[in-house]
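Structure first, commentary second.
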Amino acid sequence: MKQLKHLFLLLITLTLMGCGFYSFTGASVPANVKTYQVNRFENNALLVEPGLERDFKIALEDLIQNQTNLNLVPSNGDLVYEGEITDYRISPTTATSQNTAAQNRLTISVKIRFFNRKKEEDDLEQSFSFFYDYAGSSQLIGATKTTAHEEIFERLTQDIFNATLAKW
């Protein structure tokens, strides 16, 4: 009976230890990585939207903060994200019979450079792009612009997270 207790205790311990490495976000952050930093993103798009680079930087910081246990630092981070906004474009996607846009598309593209100071083979340089479609009769101002930016940033930051930490 005593051996059965020990065996049961061993199985419970191994089960709980196995759960410690599971992540709902899919992130595979090595144990020796504790910090990350997100450097300023330059806005090199032909059409410059004021404050876009700041908003994108904050969105990326927030996503990493919410999906990992890493600490944000201003410098000397174990993981470093930097890059630039390379495109901010509004283009018609469909037209009406009166030759006006029935639907417009906002596309934002970013180029990311990711450095893992603990494991250099994980370094990455890659471009990401996503879009938001809105009615051709609408202007990209106010709530429409806010919604567009939030949806694009959500997708871009998740794609960046997956490419750098989740390895999807």
Side-chain angles (χ1 to χ4, degrees), residues 7 9-91 93 105-134 140 145-168:
L7 181 62
L9 184 61
L10 178 65
L11 287 173
I12 289 175
T13 304
L14 290 174
T15 301
L16 292 176
M17 285 177 57
C19 292
F21 298 107
Y22 182 76
S23 168
F24 289 108
T25 63
S28 57
V29 180
N32 63 340
V33 174
K34 304 289 184 207
T35 61
Y36 75 99
Q37 77 184 63
V38 179
N39 294 335
R40 184 177 184 276
F41 278 75
E42 293 292 324
N43 192 342
N44 296 331
L46 292 176
L47 179 60
V48 174
E49 176 66 30
L52 188 70
E53 65 279 0
R54 179 200 66 232
D55 295 343
F56 179 75
K57 178 183 184 290
I58 291 169
L60 183 58
E61 288 173 347
D62 288 349
L63 180 104
I64 296 167
Q65 189 72 49
N66 292 335
Q67 294 193 10
T68 68
N69 61 352
L70 298 174
N71 295 314
L72 176 63
V73 294
S75 61
N76 296 321
D78 296 330
L79 306 177
V80 179
Y81 292 85
E82 63 182 32
E84 57 265 352
I85 296 170
T86 56
D87 195 19
Y88 185 91
R89 178 175 15 108
I90 300 169
S91 54
T93 57
R105 174 172 287 177
L106 169 65
T107 304
I108 299 177
S109 301
V110 296
K111 184 175 185 179
I112 296 292
R113 287 178 297 281
F114 169 75
F115 304 99
N116 183 337
R117 293 187 173 158
K118 302 288 185 176
K119 190 175 177 187
E120 290 183 11
E121 57 268 16
D122 285 351
D123 290 359
L124 174 75
E125 185 169 339
Q126 185 174 341
S127 293
F128 296 88
S129 184
F130 200 70
F131 61 89
Y132 177 82
D133 292 335
Y134 61 98
L140 191 60
K145 181 169 80 170
T146 300
T147 302
H149 288 179
E150 286 173 355
E151 286 194 24
I152 292 171
F153 288 171
E154 181 180 337
R155 181 60 181 265
L156 286 174
T157 57
Q158 190 64 56
D159 287 350
I160 292 165
F161 179 86
N162 290 344
T164 58
L165 293 176
K167 306 292 189 235
W168 290 8

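Excluded from the calculations below are hydrogen atoms, water molecules and symmetry mates; all remaining heavy atoms, backbone and side chain alike, are included.
In terms of heavy-atom proximity, T35 sits nearest to G77 at OG1-CA, 3.4 Å. Of all the heavy atoms in S129 and T107, the pair that sits closest is OG-CG2, 3.4 Å. When all heavy atoms of L124 and T164 are compared, the closest pair comes out as CD2-CG2, 3.7 Å. Closest non-hydrogen pair, A148 versus Y132, comes out as CB-CD2, 3.3 Å.
Checked for salt-bridge contact, K57 and E61 meet the test: a charged N lies under 4.0 Å from a carboxylate O.
Contacts of E82 classified as side chain to side chain donor-acceptor pair (under 3.5 Å), with partners at least two apart in sequence or in another chain: N39, R113. In terms of the salt bridge (charged side-chain N to carboxylate O under 4.0 Å, His left out) criterion, residue partners of E125 (sequence neighbours excluded) are, by chain and number, K111. Residues passing the side-chain contact (heavy atoms from CB on, under 4.5 Å) test with N32, sequence neighbours excluded: P30, K118. Residues satisfying the salt bridge (charged side-chain N to carboxylate O under 4.0 Å, His left out) criterion with D62, sequence neighbours excluded, are absent altogether. Partners of E42 by salt bridge (charged side-chain N to carboxylate O under 4.0 Å, His left out), not counting sequence neighbours, listed by chain and number: R40. Checked against salt bridge (charged side-chain N to carboxylate O under 4.0 Å, His left out), D133 has the following partners two or more places apart in sequence or in another chain: R105.
Of the possible donor and acceptor atoms, one in the side chain of T157 sits under 3.5 Å from a partner among the backbone N and O of E154. Panel note: side chain D78, backbone R117; no donor-acceptor pair is recorded below 3.5 Å. Side-chain atoms of N116 never come within 3.5 Å of backbone atoms of D123 as a donor-acceptor pair (strictly under, hydrogens ignored).
Atom CD of Q126 sits about 9.0 Å away from atom CG of D159, to the nearest 0.5 Å. Rounded to the nearest 0.5 angstrom, S127 OG and E84 CD are separated by 8.0 Å. The structure places CG of L156 at 8.0 Å from CZ of F130, a figure rounded to the nearest 0.5 Å. From L106, atom CG reaches atom NE2 of H149 across 5.5 Å, with rounding to the nearest 0.5 Å. Considering CD1 of I64 and CG of N71, their distance stands at 12.5 Å, rounded to 0.5 Å.
Side chains of F41 and I112 form a contact here, defined as non-hydrogen atoms less than 4.5 Å apart. L165 is listed as a side-chain neighbour of L79, based on a closest heavy-atom distance under 4.5 Å. For the pair I160 and L63, the minimum side-chain heavy-atom distance is 4.5 Å or more. Side-chain contact between L60 and F153 is absent, with no heavy atoms from C-beta onward closer than 4.5 Å.
No side-chain donor from either of T147 and Y134 sits under 3.5 Å from a side-chain acceptor of the other.
Taking the six-membered ring where the residue is Trp, Y81 and Y36 present perpendicular rings, their angle passing 60° and hence far from 30°.
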